[in-house]
Chemist: 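Can you keep this structure in mind? I'll have questions shortly.
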Amino acid sequence: MSLWLLLALTPVHALVGDAHGLNTREYQPAKIATIEGIWDTEKGGTTLNLFGIPDMEAETTKYALKIPHLGSLILTHSWDGEIRGLKSFPKEDRPNSTLVFWSFRVMAGLGVLMILMSLAAWWLHRRRKLFDARWFHRFALAMGPTGFITLLAGWVTTEAGRQPWVVYGVMRTADAVSPVTAQQVGVSLLAFVIVYTIVFGTGIYYLLKLLRHGPALPGSGAHAPSSADASARRPMSLPQQSIEGA
C-alpha cells in the first residue's frame, strides 16, 4: 500500500514543488537566488547549479557543477527566463546561502530517490519480483527515515530562506522577537524535548519489537497462525495480546 501511494503521490509532490518555486520567485526572489546559488543576474538564460559551495564573502558559488539554461527552464518555464542574482540585494537582506543551498538539495535529492524507489517497486511488481528482490528491500529500509529528513530540510529551506524577514519585505525578524528571556525559552524547549523523547521513544521501541518478531505469514512453519490467532501481526490487530509475550 505504501509503495502504491508513493507511485501516485511523489509526482504530485514534484508538481506542487514546481508551482511553489514559481510563486517564491515572484514574491521572495532573494530566497530563490539563495536556493540556486546564483550571485549574478544572467541575461539570456540562467544556469542551474547542481552542486557547489556558496561563499558569502567572495559572493560566488565555488566548484559549481553548472547546466546552462536549466535554471530558466525550471524556474521560469522558458529558455531565456531571467532570475535575479543575490548581488542585486543588499547584504543585510540576504539569507544564509550555504545553509539554504544545501538544505534544498537534501530535500530535492531525497525526493528524487523517493520517485525512483516507487518506480523500481512498480517495475519489480510487474515482473513479480517485488517480494524477492533483497536489494530493493535494503534500499526501502534505508529510505525509511528520509520522509522525516526531507520534511526538516524543506522546513529549514523555507524558514531560513526568508530571513531576515518575518513578513517578507515588511517586518524583519529582529523586530518581531517576543519579549521573553533565554531562561523561558530554554525551559519551553526542554519540555518539548522531554515530551517528544517519551512519545517517539515509546513508538520506536514498539516498532522495533514488531520488527524483531517478524511477520506471521500463512504456512510459515513455527510462525504459522493458529485458528485462535489467524490475523496478521500488526499494531492493534490483537489488542488483548501483549507483544512482550508474543
Chemist: Looking at Phe89, is Arg84 sitting on its ring face, NZ or CZ under 6.0 Å from the six-membered ring centre and within 45 degrees of the normal?
Modeler: yes

Chemist: How long is the gap from NZ on Lys87 to CD on Glu59, to the nearest 0.5 Å?
Modeler: 5.5 Å

Chemist: Just wondering, do Leu124 and Lys129 contact through their side chains at under 4.5 Å, heavy atoms?
Modeler: yes

Chemist: Between Trp135 and Ala120, which heavy-atom pair has the shortest distance, and what is it?
Modeler: CH2-CB, 4.4 Å

Chemist: Atom CG of Leu151 and atom CZ of Phe148: how far apart are they, to the nearest 0.5 Å?
Modeler: 7.0 Å

Chemist: Do Glu36 and Leu48 have side chains that approach each other closer than 4.5 Å (heavy atoms only, starting at C-beta)?
Modeler: yes

Chemist: Going by the rule side chain to side chain donor-acceptor pair (under 3.5 Å), which residues pair with Thr157 if we only count those two or more places apart in sequence or in a different chain?
Modeler: Ser103

Chemist: Tell me, with the steps shown, if Thr146 and Leu113 meet side chain to side chain contact (heavy atoms under 4.5 Å, CB included).
Modeler: CA-CA 9 Å; Thr146 56; Leu113 285 179; over 6 Å; no

Chemist: Ala174 and Val177: which non-hydrogen atoms are nearest, and at how many Å?
Modeler: O-CG2, 3.7 Å

Chemist: Rounded to the nearest 0.5 Å, what separation is found between the CG atom of Leu75 and the CG atom of Leu70?
Modeler: 9.0 Å

Chemist: Would you say His125 has more than 12 foreign heavy atoms packed within less than 6.0 Å of its NE2?
Modeler: no

Chemist: Quick one, Leu73 and Trp79 - any side-chain contact, counting heavy atoms below 4.5 Å?
Modeler: yes

Chemist: Do the side chains of Leu210 and Tyr206 get nearer than 4.5 Å, heavy atoms only?
Modeler: yes

Chemist: Using the rule that Ile, Leu, Val, Met, Phe, Trp and Tyr join whenever any side-chain heavy atoms are under 4.5 Å apart, tell me whether Trp155 and Leu99 fall into a single cluster.
Modeler: yes

Chemist: Decide yes or no on side chain to side chain contact (heavy atoms under 4.5 Å, CB included) for Leu3 and Leu130, but give the supporting numbers first.
Modeler: CA-CA 11 Å; Leu3 293 171; Leu130 179 61; 4.1 Å; yes

Chemist: Kindly indicate, with the supporting measurements, whether the criterion side chain to side chain contact (heavy atoms under 4.5 Å, CB included) is fulfilled by Asn96 and Met56.
Modeler: CA-CA 8 Å; Asn96 185 304; Met56 299 178 66; 4.1 Å; yes

Chemist: Restricting to non-hydrogen atoms, name the atom on Val106 and the atom on Ala153 that form the minimum distance, rounded to 0.1 Å.
Modeler: CG1-CB, 4.0 Å

Chemist: What orientation do Trp165 and Tyr168 show, parallel under 30°, tilted 30 to 60°, or perpendicular over 60°?
Modeler: tilted

Chemist: Shortest non-hydrogen contact from Phe101 to Ile35?
Modeler: CD1-O, 3.4 Å

Chemist: Which side chain to side chain donor-acceptor pair (under 3.5 Å) pairs, counting each pair once, include a residue from residues 4-23, with sequence neighbours left out?
Modeler: Asp18-His77

Chemist: Answer yes or no: is there a side-chain heavy-atom contact under 4.5 Å between Phe136 and Phe131?
Modeler: no

Chemist: Shared ILVMFWY cluster between Ile149 and Leu6, side chains joined below 4.5 angstrom?
Modeler: yes

Chemist: Quick check: do Lys31 and Thr158 have side-chain heavy atoms less than 4.5 Å from each other?
Modeler: yes

Chemist: Do Ile67 and Leu65 share a hydrophobic cluster, counting only Ile, Leu, Val, Met, Phe, Trp and Tyr and linking them when any side-chain heavy atoms are less than 4.5 Å apart?
Modeler: yes

Chemist: Is any side-chain heavy atom of Met117 less than 4.5 Å from a side-chain heavy atom of Met114?
Modeler: no

Chemist: Can a donor-acceptor pair be found, under 3.5 Å and without considering hydrogens, that links the side chain of Gln163 to the backbone of Thr173?
Modeler: no

Chemist: Membership question, hydrophobic clusters at under 4.5 Å side-chain separation (ILVMFWY): are Phe51 and Ile74 in the same one?
Modeler: yes

Chemist: So, for Pro95 and Val100, which heavy atoms are closest and what is the spacing to 0.1 Å?
Modeler: CB-CG2, 4.4 Å

Chemist: Do the side chains of Arg172 and Glu92 get close enough for a salt bridge, i.e. N-O under 4.0 angstrom?
Modeler: no

Chemist: Just by modelled atom types, is the Gly37 backbone N or O under 3.5 Å from a matching donor or acceptor in the Thr61 side chain?
Modeler: yes

Chemist: Identify the residue among Ile198, Val199, Val193 that makes a side-chain contact (heavy atoms from CB on, under 4.5 Å) with Val195.
Modeler: Val199

Chemist: For Leu7 and Leu119, what are the C-alpha separation, side-chain angles and deciding distance, and is it a side chain to side chain contact (heavy atoms under 4.5 Å, CB included)?
Modeler: CA-CA 7 Å; Leu7 185 62; Leu119 292 175; 3.9 Å; yes

Chemist: Tell me the closest heavy-atom pair linking Gly85 and Ala33, and the distance in Å.
Modeler: C-CB, 4.2 Å

Chemist: State the CZ-OG1 distance between Arg94 and Thr34, to the nearest 0.5 angstrom.
Modeler: 9.0 Å

Chemist: To the nearest 0.5 Å, tell me how far Ile38 CD1 sits from Thr46 OG1.
Modeler: 5.5 Å

Chemist: Would you compute the distance between atom OG1 of Thr60 and atom CG of Asp40 and round it to the nearest 0.5 angstrom?
Modeler: 7.5 Å

Chemist: Quick check: is Ile32 connected to Val16 through a chain of hydrophobic side chains (ILVMFWY, heavy atoms under 4.5 Å apart)?
Modeler: no

